[in-house]
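We number each residue from 1, following the sequence as shown.
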Amino acid sequence: MHALITGGKGFIGSRLAQTLTQEGWEVEIMDLPFDVAKKADWKAKLKDTDYIFHLAAKLDDYSEVPEITEYIDTNVGSIGAMFQAILEMGRPVKIIAASSQSVYGEGINQKEGDPFHPMSIYGATKAAMETMLTALGGLYNIPVAILRYSIVLGAGQKYKDADSRILPCFVDMAQKGKIITHEDGLQTRDFIHIKDVVSATIFATENLTGVFNVGSGETTSVMEVAKYIGAHFEAKIRTSGKSRMNTARNQVLNIDKIRQAGWNPLYSWKDAADEFITALQPPAA
């Protein structure tokens, strides 16, 4: 099988590429300087492609004055460019596209049929991306699986990974002796291990079409994560009382639909935290 992965140099994309290669796939990467909003760049990469894993996105940067057109061009415009290139290529392909829990906005037990209530430009453009994917896939009989990832955690994440800062941020603070959480620390999230994200994404190639939540399905408070990491470094924990703009207080996915299709998460956020911390330690002499 031949796969094209957009955003293939990113945290999720690189791990997906590594796993697919180990499983015998031929993998093509589309990342900078290629532009997913340009049809010509798609055509340069679409060759004998059987599956497109569309992971490239403009992520939340929490700027007071964001570059709105960049979100639209990358997260929505890329869908038009991709379909145009696919149609001109003239061979069958399946699309597995990364969406986000951010399309829902605030909520617990969020299900695939719930209405969109995004609280950020990122979430709004992901919702628009999904609409484009569903409409164009139906119009041109191109199978599409849309995966709404929750917050992805794993070893090797960097602080610049704007969508998943909690591990590198909390570990960095803990190493300095104090972890400071937003708000009161009791806001809740659904954290998923990178290994589970990769396995669900590959599972989608043969088993899924339509929209699916991909998370742990478990409710975890930010304070739980802070205390767990703090204990590793004997760091103090305190709350700031300050909210992060355009961010839900509580957001947890219901993953019954993908479970019923045959996929289940195998790892916990604590596994991800342990692996992240272990990876920072120098090897024994």
Side-chain angles (χ1 to χ4, degrees), residues 1-8 10 12-13 16-17 20 25-31 34-58 69-104 111-116 118 121-149 197 200-214 257-258 260-263:
M1 291 296 176
H2 191 288
L4 172 62
I5 304 175
T6 71
I12 298 173
L16 175 62
L20 288 174
W25 289 58
E26 294 182 44
V27 176
E28 183 80 17
I29 300 298
M30 185 176 180
D31 210 309
F34 289 90
D35 185 347
V36 291
K38 293 181 178 179
K39 182 185 73 172
D41 287 7
W42 278 98
K43 293 185 75 172
K45 288 292 185 177
L46 282 173
K47 298 172 183 176
D48 299 322
T49 306
D50 300 299
Y51 296 91
I52 297 172
F53 297 91
H54 187 35
L55 308 183
K58 166 71 175 170
T69 56
E70 288 187 15
Y71 286 93
I72 296 172
D73 289 346
T74 302
N75 298 351
V76 186
S78 63
I79 304 305
M82 174 175 62
F83 270 89
Q84 190 70 52
I86 291 171
L87 293 174
E88 294 181 13
M89 179 178 66
R91 70 184 307 273
V93 67
K94 181 174 181 178
I95 300 167
I96 297 92
S99 187
S100 167
Q101 65 176 10
S102 64
V103 300
Y104 294 114
K111 299 178 181 179
E112 289 84 351
D114 291 349
F116 293 149
I121 297 168
Y122 172 71
T125 53
K126 280 294 186 180
M129 179 202 79
E130 288 195 21
T131 300
M132 287 281 287
L133 282 163
T134 301
L136 293 176
L139 280 170
Y140 298 109
N141 197 31
I142 297 172
V144 176
I146 298 170
L147 307 181
R148 293 174 180 164
Y149 298 147
V197 168
T201 303
I202 296 173
F203 179 80
T205 59
E206 300 298 330
N207 298 281
L208 306 179
T209 54
V211 180
F212 293 84
N213 289 336
V214 178
K257 185 178 178 182
I258 195 169
Q260 290 166 4
W263 178 86

Full working for side chain to side chain contact (heavy atoms under 4.5 Å, CB included) between Val27 and Ile5: CA-CA 7 Å; Val27 176; Ile5 304 175; 3.8 Å; yes
Test item: Arg148 and Val214 side chains (from C-beta on) under 4.5 Å apart, heavy atoms: no
Side chain proximity check, Phe53 to Leu4, heavy atoms < 4.5 angstrom: no
For the student: nearest non-hydrogen atoms of Lys126 and Ala57, plus distance: NZ-CB, 3.8 Å
4.5 Å side-chain heavy-atom contact, Trp25 and Thr205: yes
Gap between atom OG of Ser102 and atom CD1 of Ile121 - 0.5 Å precision: 12.0 Å
Glu112-Tyr104 side chain donor-acceptor pair, cut-off 3.5 Å: no
Heavy-atom closest pair, residues Met89 and Val93: CE-CB, 4.5 Å
Pairwise distance OG1(Thr6) to CG(Leu55) - rounded to 0.5 angstrom: 5.5 Å
Test item: Ile86 and Leu46 side chains (from C-beta on) under 4.5 Å apart, heavy atoms: yes
His54 vs Ser78 side-chain heavy atoms within contact, under 4.5 Å: yes
Distance in Å, Met1 CE paired with Ile202 CD1, rounded so as to fall on 0.5 Å steps: 13.0 Å
Interatomic distance, Thr201 atom OG1 to Tyr149 atom OH [nearest 0.5 angstrom]: 2.5 Å
Closest heavy-atom pair and its distance - Ala128, Val76: CB-CG2, 3.8 Å
CG on Asp48 to CD on Glu28, rounded to 0.5 Å: 10.0 Å
Close side-chain approach of Ile95 to Phe83, heavy-atom, < 4.5 Å: yes
Over 12 foreign heavy atoms within 6.0 Å of NZ, Lys45: yes
Heavy-atom side-chain proximity of Lys58 to Thr125 below 4.5 angstrom: no
Trp42 vs Phe34, ring pair (Phe, Tyr, Trp, His ring centres under 6.0 Å): CA-CA, chis, key distance, verdict: CA-CA 8 Å; Trp42 278 98; Phe34 289 90; over 10 Å; no
NZ or CZ of Lys94 within 45° of Tyr51 ring axis and under 6.0 Å: no
For Glu26, all residues meeting side chain to side chain contact (heavy atoms under 4.5 Å, CB included), sequence neighbours excluded: His2
Ile146 vs Ile96 side-chain heavy atoms within contact, under 4.5 Å: no
For Asp114, all residues meeting salt bridge (charged side-chain N to carboxylate O under 4.0 Å, His left out), sequence neighbours excluded: none
Over all atoms of both residues, closest heavy-atom pair of Gly8 and Asp31: N-OD2, 3.3 Å
For the student: nearest non-hydrogen atoms of Ala127 and Phe116, plus distance: CB-CD1, 3.5 Å
Closest non-hydrogen atom pair between Met129 and Ala97, with its separation: CE-CB, 4.5 Å
Asp41 side chain vs Asp35 backbone, donor-acceptor pair below 3.5 Å: yes
Spatial distance of atom CE (Met82) from atom CE (Met132) [nearest 0.5 Å]: 9.0 Å
